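Working notes, beginning with the structure itself.
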Amino acid sequence: MKVFAIAEHRFGELNPLSIELLNLANKLGESNAVVIGKDVSKFAEELAKFAEKVWKIEDASLENYTPDLYVDVLLQLINREKPDVVLVGNTAQGVEFAPYLAVKLGYPIVTDVVAVNTANGFVVSRYVMQGKIMVDLKVSTPCVLTIRQGAFKEGAQKSGKVLDAGIKPSKPSARKFIGYVQPEVGEVDISKAEIIVAVGRGIEDAANIPLAEELAQALGGVVAGSRPVIDSGWLPKDRQVGISGKIVKPKLYLALGISGAFQHVMGMKDSELIIAVNKDPEAPIFGVAHYGIVGNIFDVVPTLLDKLKAKK
Ligand SMILES: Cc1cc2nc3c(=O)[nH]c(=O)nc-3n(C[C@H](O)[C@H](O)[C@H](O)COP(=O)(O)OP(=O)(O)OC[C@H]3O[C@@H](n4cnc5c(N)ncnc54)[C@H](O)[C@@H]3O)c2cc1C
């Protein structure tokens, strides 16, 4: 099976998801990376460590991403090289051009794929109903798949060859690139934190957030929150964990007064160690926690702080 993985880069940095696409490509068959831009040699060399072949598509007009030019050059390459599967990152960029590409190719597309199984036909898995249910879909090839970040973290190393695809856009873009508008960046990136103290509605009030901050500081971690905490303005938006916030995988996730709604759990369930404190023994968070404390956070946290201080 010949697999194309369309790499993504911005501001001179390769999106690590590009390597995850190649991890999947290597599991499925012959891995080919495709990298598009003005001068992409640096990215091509990096991708060649994980791909059998890297196709470079370079042109001054490709300096900045535009969906029409990406689809234009990809159509030329795909129609010539005929891969069985085209993998695209399920990113803002990927979900914009991948459906357009699939329609132009006449291929089926499945978005936000988290698993691929070839034991019994070509079967892909994705979540539906806001993450409540996972479905398996049998897909005919050739096809286009967009892949969720974090789903294919492990993979084989390669030392592939870099090839110039010899392809240029067939026409100028109908869009003019004006500039990137960067999102506001908070001082803390919870998706990279190793220790997270997460607070839920059980924290009751903004005035109690410093208690969680003190615990986070004592543990060497950061504070995050469930959606009600963010919606109440007690923590900034970039601290929200869950399907409409950030996906986190810390070494320790301490959940304080969080019920464990699936929209929250989807964002933290892969944490290495989950400890939950909740006064309700029936709280669903205990279903995902490795250790649970049935108790009041306003008793448990000060006790924990005392123990940590004593230890230091
Ligand atoms: C489309 C959609 C997207 C969503 N996205 C997200 C998301 O990204 N992230 C997210 O978190 N939610 C999200 N939600 C909301 C989600 O459904 C839940 O409403 C939310 O996660 C609940 O937050 P919580 O656990 O803090 O509050 P609650 O469900 O109210 O739970 C509070 C918990 O604290 C416990 N408690 C109260 N006082 C104490 C105390 N003193 N000591 C110990 N325990 C105490 C209670 O027993 C309870 O279990 C989304 C919802 C929708 C519809």
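What you see below is based on every heavy atom in this structure, not just the backbone, and it leaves out hydrogens, waters and symmetry mates. All figures in this text were calculated on a predicted structure; none of them were measured in a lab. By convention here, the first residue in the shown sequence is residue 1. One-based numbering, in listed order, for ligands and for the atoms of each.
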Review point. Would you say the side chain of L252 lies within less than 4.5 Å of the side chain of E194, judging by non-hydrogen atoms?
Key: no
Revision key, fill the gap. In short, ring-ring contact (aromatic ring centres under 6.0 Å, His included) pairs touching residues 94-119 with sequence neighbours left out are Y70-F97
Check your understanding: For ligand 1, which atoms have a heavy atom of G200 less than 4.0 angstrom away?
Key -> 26 (O)
Practice item. Tell me which part of F298 gets within contact of ligand 1: side chain, backbone, both or neither, using heavy atoms under 4.0 Å. Key: side chain
Exercise for review: Check whether any side-chain N or O of H9 sits under 3.5 Å from a backbone N or O of I36 as a donor-acceptor pair, and report yes or no.
Suggested key: yes
**Study point:** Selected option - heavy-atom contact closest to atom 38 (N) of ligand 1, from S226, G202, S232
**Key:** G202
Exercise for review: Using atom types as modelled and distance alone, determine if a side-chain donor or acceptor of K27 lies under 3.5 Å from a backbone N or O of L24.
Suggested key: no
Point to revise | Short side-chain donor-acceptor distance under 3.5 Å, Q149 and T91 | key: no
Review point. Heavy-atom distance to atom 41 (N) of ligand 1: which of V229, N296, V265, I285 wins?
Key: N296
**Study point:** Closest to atom 2 (C) of ligand 1 among E204, R201, R227 (heavy-atom distance)
**Key:** R227
Check your understanding: Which bit of L256 gets closer than 4.0 Å to ligand 1, counting heavy atoms only: side chain, backbone, both or neither?
Key -> neither
Review point. Looking at side-chain heavy atoms only, is the closest gap between L69 and S61 below 4.5 Å?
Key: yes
Exercise for review: Report the C-alpha separation of E272 and K249 in whole Å, then their side-chain angles, then the decisive distance to 0.1 Å, and conclude whether the salt bridge (Lys or Arg N to Asp or Glu O under 4.0 Å) test is met.
Suggested key: CA-CA 7 Å; E272 277 179 41; K249 273 187 193 176; over 6 Å; no
Exercise for review: Just jot down the ligand 1 atoms closer than 4.0 angstrom to any heavy atom of G245, in number order.
Suggested key: 8 (O)
Review point. Is there at least one pair of N or O atoms, one from I297 and one from ligand 1, spaced under 3.5 Å apart?
Key: yes
Check your understanding: Quick one: does G257 get an N or O within less than 3.5 Å of an N or O on ligand 1?
Key -> yes
Exercise for review: Decide if the gap between the ring center of F11 and the ring center of Y180 is smaller than 6.0 angstrom.
Suggested key: yes
Review point. Does the side chain of Q240 pick up a donor-acceptor pair with the side chain of S244 at under 3.5 Å?
Key: yes
Check your understanding: So is G225 close enough to ligand 1, meaning a heavy atom under 4.0 angstrom away?
Key -> no
Practice item. Classify the contact between S259 and ligand 1 as side chain, backbone, both or neither, using a heavy-atom distance cut-off of under 4.0 Å. Key: both
Exercise for review: May I ask you to list the atoms of ligand 1 that are less than 4.0 angstrom from any heavy atom of G295?
Suggested key: 42 (N), 43 (C)
Exercise for review: Examine the proximity of ligand 1 to P228 and report which part, side chain or backbone, both or neither, has a heavy atom under 4.0 Å away.
Suggested key: side chain
Point to revise | For A261, atoms of ligand 1 separated by under 4.0 Å from a heavy atom | key: 16 (C), 17 (O), 18 (C), 21 (O)
